[in-house]
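A short worksheet on the structure shown next.
These numbers come from the heavy atoms of this one structure, side chains and all, not from hydrogens, waters or symmetry mates. Naming convention: chains lettered A, B, ... in sequence-line order (proteins, then strands); numbering from 1 in each chain. What you see is a predicted model, and the numbers here were worked out from it, not measured in a lab.
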There are 2 protein chains.
Amino acid sequence: MSQTVQRALSIVEFIAERPRSLGEVAGHLGVHRSTALRLLHTLREGGFARIVGGRYTVGLRLVALAHQALDQLDLHPVAHPHLVRLADRHGHTVHLAQLVGDEIVYVDKVDGRGALRLSSRVGRPVNPQTSGVGKAILAYLDEASRERFLARISYQAYTATSITSPEALRAELARTAARGWAEDDGEYEEVVACVAAPVRDARGRVVAAVSVTAPRVLAPLERLRGCLPDLTDTCAAISRDLGWTGGDQP
Amino acid sequence: MSQTVQRALSIVEFIAERPRSLGEVAGHLGVHRSTALRLLHTLREGGFARIVGGRYTVGLRLVALAHQALDQLDLHPVAHPHLVRLADRHGHTVHLAQLVGDEIVYVDKVDGRGALRLSSRVGRPVNPQTSGVGKAILAYLDEASRERFLARISYQAYTATSITSPEALRAELARTAARGWAEDDGEYEEVVACVAAPVRDARGRVVAAVSVTAPRVLAPLERLRGCLPDLTDTCAAISRDLGWTGGDQP
DNA sequence: CTCCGTTGTTGCACATGTTGCAACCGCCAG
DNA sequence: CTGGCGGTTGCAACATGTGCAACAACGGAG
């Protein structure tokens with residue numbers, strides 16, 4: 001493991017929070033100012049950091065690489081037009097989460113029309129047990145993979161409706177599989193609800209999910225359930241674009 | 001300058017192109033496989049790389065940091081809803097480019113409805129002399145800044161309509177300033193045209209520009225000019241959201 | 001205007017972290 | 001079964017990264 005590279009990556013994380021001075025970076029890393037300066041120079045030269053008003057912030061080359069990486073996921077460019085239309089028809093925020101390796105992450109987000117913004121962020125992991133997209137993916141994993149996920153979950157009680165045990169989550173996933181869609185009824189943030197449905201790849205495996213999400217004051221769960229026919233049609237269309245040929249709903 | 005960090009960043013650039021094996025990474029850097037392996041392990045641990053099917057590709061943590069960085073730009077979250085609506089009304093791709101330090105970069109892009117995709121990419125620099133957004137920003141820079149930009153441009157003739165001299169560019173920028181908008185008539189890619197207008201910050205300085213862009217087969221320049229009232233209104237709205245209070249068009 | 005403290009920067013000696021090597025393991029094709 | 005290839009690891013050598021001391025610039029207080 002490379003200590004120098006770890007330091008550099010740690011700097012990038014630190015300056016992404018908000019612009020930072022050289023001294024703050026040196027303090028954060030616990031190194032001499034001259035060490036921090038050299039690391040920052042190298043990050044700047046590579047486009048991963050830049051200086052604005054005497055403070056260091058993230059460089060635009062990193063942003064370009066991130067977009068390049070998203071385009072490589074295959075799913076994002078295929079799904080994005082569908083998500084935009086779905087968000088447009090319902091006026092609510094739409095998320096796409098994908099199973100990437102052994103975690104589920106948000107890979108796209110299309111904002112709804114309202115002024116309220118949801119805190120989810122592309123690139124970040126999903127809470128698999130509280131989020132609609134997490135449950136919509138977990139419900140269709142093979143048992144061994146699913147149990148590995150369940151074993152890693154902390155079952156924290158974020159709100160009164162959070163799922164707090166593996167048994168309760170298994171029951172919820174069984175319900176999800178039976179009806180073909182998942183929901184989040186304020187289980188992570190009390191004021192947010194969503195419905196979600198799975199997306200299949202060419203071989204019929206569930207690799208992603210899409211959700212329609214809104215603050216409950218604007219759209220309680222019952223109202224979001226009204227989006228389900230359109231949502232599951234959208235997921236079927238994305239699945240077909242990925243080469244899935246199954247006739248029934250994904 | 002840190003050689004080890006340079007190597008790590010070079011690895012991230014290399015694997016962002018497409019997934020790469022350990023041997024390819026070692027060959028690209030000119031180092032031993034064990035050296036490349038240690039660097040990749042550190043990048044993986046920091047979330048900047050991951051393994052898929054025995055090959056290394058970009059990690060999702062980098063994607064999350066990029067979105068965080070874009071949110072820090074102040075402009076992107078403010079402008080994005082306006083861009084989405086503008087793209088929706090016209091059905092064409094909309095770009096937002098921002099003056100960041102001493103370069104102009106694409107910071108947002110909302111795809112149009114057609115199947116054709118434009119090659120522009122968020123995070124990447126703009127060609128200031130061929131692109132509408134580049135010209136819309138350059139036209140309003142103070143003379144010293146503008147001349148610095150003009151001095152750095154290579155004036156390559158990408159197409160028959162490219163601007164190929166500083167004099168021609170100065171004339172074009174004067175026209176842009178006089179009429180309040182810029183255009184790209186296939187100057188970088190012959191098949192693409194656009195119109196663009198400037199965005200001002202709270203102090204009235206032009207800090208960004210928005211363009212409506214389309215393949216010429218779908219929307220020749222004359223047709224895109226029809227979008228100009230809506231485009232300049234949108235830029236005025238974004239400018240007001242940034243605190244600009246000038247009464248006339250930006 | 002002067003002085004002091006803070007921040008950013010640089011040259012250099014040296015400590016240490018990085019590096020390549022050799023060997024190993026697993027896999028696959030012949 | 002064998003050989004080649006790719007991924008991995010322990011270790012000694014050495015090349016690089018590091019902290020230190022000193023310097024310059026800047027801003028604020030007196």
(request) Compute the bend angle of the helix from C:dC1-D:dG30 to C:dG30-D:dC1 from the end axes (five pairs per end), rounded to 10°. (result)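 End-to-end axis angle for the helix from C:dC1-D:dG30 to C:dG30-D:dC1: 40°, rounded to 10°.
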(message) Within the structure provided, determine whether A:L22 and A:Y56 are in side-chain contact (heavy-atom separation under 4.5 Å).
(response)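 Yes. Closest side-chain heavy atoms under 4.5 Å.
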(request) Kindly write out the residues that satisfy salt bridge (Lys or Arg N to Asp or Glu O under 4.0 Å) with B:E45, not counting sequence neighbours, or none if the list is empty. (result)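 For B:E45, no residue satisfies salt bridge (Lys or Arg N to Asp or Glu O under 4.0 Å) once neighbours in sequence are set aside.
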(message) Among residues at least two apart in sequence or on other chains, which ones pass salt bridge (Lys or Arg N to Asp or Glu O under 4.0 Å) with B:R44?
(response)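 Per chain and number, B:R44 pairs via salt bridge (Lys or Arg N to Asp or Glu O under 4.0 Å) with no residue.
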(message) Looking at B:T4, I'd like to know whether one of its side-chain N or O atoms comes within less than 4.0 Å of OP1 or OP2 on D:dG17.
(response)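 So the side-chain polar atoms of B:T4 do come within 4.0 Å of the phosphate oxygens OP1 or OP2 of D:dG17, strictly under.
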(request) Give one of base, sugar-phosphate or nothing for B:R7, where a contact means two heavy atoms less than 4.0 Å apart. (result)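 If one applies the 4.0 Å heavy-atom cut-off, B:R7 turns out to touch the sugar-phosphate alone, with no base involved.
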(request) Take atom CG of B:L39 and atom P of D:dT16, then tell me their distance rounded to the nearest Å. (result)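 After rounding, the reported distance stands at 14 Å.
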(message) Expressed as a whole number of angstroms, how long is the span from B:I51:CD1 to D:dG7:P?
(response)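 Those two atoms, CD1 and P, are 9 Å apart.
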(message) Under 4.0 Å from a heavy atom of chain B: give me the 5'-most and 3'-most nucleotides of DNA chain C that qualify.
(response)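 Answer, 5' to 3': C:dT18 to C:dA22.
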(request) Would you kindly compare A:H41 and A:S2 by the position of their nearest DNA chain C nucleotide and give the one closer to the 5′ end? (result)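 The answer here is A:H41.
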(message) Taking the nucleotide of DNA chain C with the nearest heavy atom to each, does A:V5 or A:G23 sit closer to the 5' end?
(response)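 Residue closer to the 5' terminus by nearest nucleotide: A:G23.
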For the pair [X] (side chain) and [Y] (backbone), establish whether a donor and an acceptor sit closer than 3.5 Å, ignoring hydrogens and angles.
X: A:T176; Y: A:E172; result: yes
X: A:T35; Y: A:V31; result: no
X: B:S211; Y: B:A196; result: no
X: B:Q98; Y: B:V107; result: no

(request) Could I get the full list of side chain to side chain donor-acceptor pair (under 3.5 Å) partners for B:H82, not counting sequence neighbours? (result)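 With sequence neighbours excluded, B:H82 shows a side chain to side chain donor-acceptor pair (under 3.5 Å) to B:D241, given in chain and number order.
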(request) State plainly whether the residues A:E143 and A:R148 are in salt-bridge range, i.e. N to O under 4.0 Å. (result)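 Salt bridge absent between A:E143 and A:R148.
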(request) Give a yes or no on whether a salt bridge exists between A:R124 and A:E103, defined as a side-chain N under 4.0 angstrom from a carboxylate O. (result)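 Result for this pair is no, no salt bridge flagged.
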(request) May I ask you to establish whether A:R205 and A:Y140 are in a cation-pi arrangement, using a distance under 6.0 Å from NZ or CZ to the six-membered ring centre and at most 45° from the ring axis? (result)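 Because its charged atom misses either the 6.0 Å distance or the 45° angle limit, A:R205 does not stack over A:Y140.
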(message) Please list, in numerical order, the residues of residues 29-36 of chain B that have a heavy atom closer than 4.0 Å to any atom of DNA chain C.
(response)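 Correct list: B:V31, B:H32, B:S34, B:T35.
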(message) Both B:R38 and B:S21 contact DNA chain D. Which one's nearest nucleotide lies toward the 5' end?
(response)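 In this pair, the answer is B:S21.
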